[in-house]
Amino acid sequence: MTIDRRRFLGAVPILLMIALRANAAADPLTIWTHPLGARIELKGSMVLRGESPLPLRADHTGAYRARVEMPGYETAVGSLLFRVEDGALRLDRHDRSPGADRLVHSLFLPGSGQIRDGRRTEGIFWGGATLAAGIAAIVTESRYRGAREDFNDADAALERTDPNDRAAYLDQLHETFRLEAETNGNKRARDYSLGTLGAFWALGAADAFLFRSSFDVREGDPGTVQIGLVRKTRLRRALRSLLYPGMGQNYSGRNIRALAFAGAATAAGVSALVSHVRYKEEVDLLDALGRERAELIPGGPEEAALLLEVDRETTAARNRRDDHRDGRNLAAVITAGIWIGAVLDAALIGPDSPGEEAPHWEISFLDPPVRGSTAIGIRGRF
C-alpha cells in the first residue's frame, strides 16, 4: 500500500487544526469568585448551579442570567454571554442592569426595577406598599366624590327651602354645613392618600436607582472568569434603613428584624397620618359650626334650640380634635423613634461581615496635607 506524499502533507494542517480544537474544547471555562466558595446560579438555555470554582463545558454557550451569593457579601446579579472561539468556551459579554434602566422600570411599575436587579424581597415590598397606597387613594377618592354629591344636593335643597319655614330651613342649613365639613375632610384624606402613593412610588424608584446588585466581572487567565464580590458594610446597611426602616436589616439577611422594623414603622406612620386627617376633619367641622352659628339670629325657639345643638357639637368636636392631635403627635414620635432605631440597629448592632472590623474610634496621625507638616486627628471606622 502506497501513500501519496502530497495528499498526506496536505492533510497534516487539517489534522493539526482538529487536534488543537479538541485540546481547546477539552479545557473548560471556569468561573471563579473572590472569595471562593460562593454559590453560582446560571439560568439560560439550561440551568447551572454549583459553588465556585464552577467549570463550564464548550456546549454551555448562550446568554445566562447569573446570580452569585455568599453570606456576608452582596448578591451579584447580571448577564453573561458565552461563545465558542477556536473550539473553546469564552466570555463574550457581561453586563448588569444600568441605573437608568432600573429607574425607568420602577417608575413604570413600582418594585420591578428591584426584581429586575435580582432583589426580589425589596421589589415585593415596594410594589406591595405602593399598591396598598393606591388602593387607599381609590377608596378615599370614591368617598370624596360621594360626599361632594351629597353636599351639592343638600346645598341645592337649601336654596329651594322657604326661609319662612324656620324649622325646615334650619334643619337643612345644619345638614348643609355638616356635609360641607365632611366633604372637605374626605378631600383632604384623598389628597394625603395620593401624597402617600407618590412618596412610596418615589422612594421605590430611588431605592432601585441608588442601591443595586454588584456585578464585578473580569477575564483572568485563559479559560477563567473572575467575579468579585462586594462585602456588606455597616454604612451600606445604615443607608438602606435610612431610606426606609427594615431595608438595612433585609440587606444583611436578618429578615425577622426587617419585617418587624418595616411593619412597625408603617403601622405607626399610617396611624399618625390617619390621626392627622381626623384632626383636620374636626378643625373643618369647628369652622363650619362657627360659620353656622354666626348665621343664626336668636329670636325664635327654633333658633335657640339649634344654637344649643351647635354649641354641644362644638364642644364635642373640640374634645375630639384635641384627642386626635395628641394621638397624631404620639404616633409621629413613635414613627421617628422606630426610624432612628432601625438605622442604629443596622449600623451598630448588626452582625459583622467576614473580615469587617467592629466600629471604633482612635486618635492617630493623619497624612499631612502639606509636605513637612504634621497633623493629628480622630479617625472613626463606621
Side-chain angles (χ1 to χ4, degrees), residues 11-102 105 112-124 208 211-233 236 250-253 255 353-356:
V12 168
I14 298 176
L15 294 174
L16 289 176
M17 185 178 296
I18 294 175
L20 290 174
R21 281 180 174 267
N23 291 333
D27 296 330
L29 178 68
T30 304
I31 300 179
W32 294 74
T33 62
H34 179 72
L36 290 174
R39 177 175 174 79
I40 302 175
E41 180 183 74
L42 301 178
K43 289 185 177 181
S45 57
M46 60 185 72
V47 179
L48 306 174
R49 294 187 180 93
E51 292 187 354
S52 66
L54 178 66
L56 303 179
R57 300 191 309 270
D59 59 339
H60 291 156
T61 57
Y64 291 87
R65 185 69 173 172
R67 184 180 183 90
V68 184
E69 298 176 315
M70 188 171 187
Y73 293 84
E74 291 187 3
T75 300
V77 178
S79 300
L80 297 174
L81 178 62
F82 300 107
R83 61 181 175 84
V84 174
E85 181 180 342
D86 296 331
L89 191 65
R90 293 287 184 265
L91 176 64
D92 182 58
R93 188 176 70 250
H94 68 275
D95 54 43
R96 62 186 173 200
S97 179
D101 182 68
R102 299 192 306 270
H105 276 80
S112 61
Q114 287 84 353
I115 294 177
R116 182 178 178 82
D117 196 39
R119 299 188 293 137
R120 302 186 188 94
T121 303
E122 294 91 329
I124 293 173
F211 305 123
R212 56 173 173 77
S213 299
S214 61
F215 199 61
D216 182 16
V217 180
R218 300 178 182 178
E219 294 188 69
D221 297 332
T224 64
V225 173
Q226 299 177 358
I227 301 178
L229 301 180
V230 177
R231 182 182 293 114
K232 295 179 179 179
T233 65
R236 292 189 175 97
N250 175 74
Y251 173 75
S252 59
N255 296 327
S353 297
E356 182 181 357

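For this chain, numbers begin at 1 and follow the sequence in order. Excluded from the calculations below are hydrogen atoms, water molecules and symmetry mates; all remaining heavy atoms, backbone and side chain alike, are included.
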Crowded around R83 CZ? As in, over 12 foreign heavy atoms under 6.0 Å? yes
Using a strict cut-off of less than 4.0 Å between a Lys/Arg side-chain nitrogen and an Asp/Glu carboxylate oxygen, indicate whether E74 and R231 qualify as a salt bridge. no
Any side-chain heavy atom of T33 within less than 4.5 Å of one from V68? yes
Below 4.5 Å, heavy atoms only, C-beta onward: do R116 and R102 meet side chain to side chain? no
Measuring only between side-chain heavy atoms, which start at C-beta, is L42 closer than 4.5 Å to L80? yes
Looking only at atom types and distance, does a side-chain atom of K43 sit under 3.5 Å from a main-chain N or O of Y64, one as donor and one as acceptor? no
Suppose we screen for ring-ring contact (aromatic ring centres under 6.0 Å, His included). Which residues come up paired with F211, at least two apart in sequence or across chains? none
Between T75 and F215, is any pair of side-chain heavy atoms under 4.5 Å apart? no
So does R67 pair up with E69, basic N to acidic O under 4.0 Å? yes
Determine, step by step, whether L29 and V225 satisfy the side chain to side chain contact (heavy atoms under 4.5 Å, CB included) criterion, reporting the C-alpha distance in whole Å, the side-chain angles of both residues, the deciding distance to 0.1 Å, and the verdict. CA-CA 7 Å; L29 178 68; V225 173; 3.9 Å; yes
Using the ring-ring contact (aromatic ring centres under 6.0 Å, His included) rule, collect all pairs that involve residues 31-54, keeping only residues at least two apart or in two chains. none
Partners meeting side-chain contact (heavy atoms from CB on, under 4.5 Å) with L81 (sequence neighbours left out): A63, D92, R93
Which value, rounded to the nearest 0.5 Å, describes the distance between Q114 atom CD and T121 atom OG1? 11.0 Å
Scanning both residues in full, the closest heavy-atom pair of L229 with A38 reads CD1-CB, 3.8 Å
From the options T224, V217, I31, select the one residue that forms a side chain to side chain contact (heavy atoms under 4.5 Å, CB included) with L91. V217
Would a distance-only check, ignoring hydrogens and angles, find a side-chain to backbone donor-acceptor pair under 3.5 Å from S112 to H105? yes
Determine yes or no for a side-chain-to-main-chain donor-acceptor pair under 3.5 angstrom, with S213 supplying the side chain and G118 the backbone. no
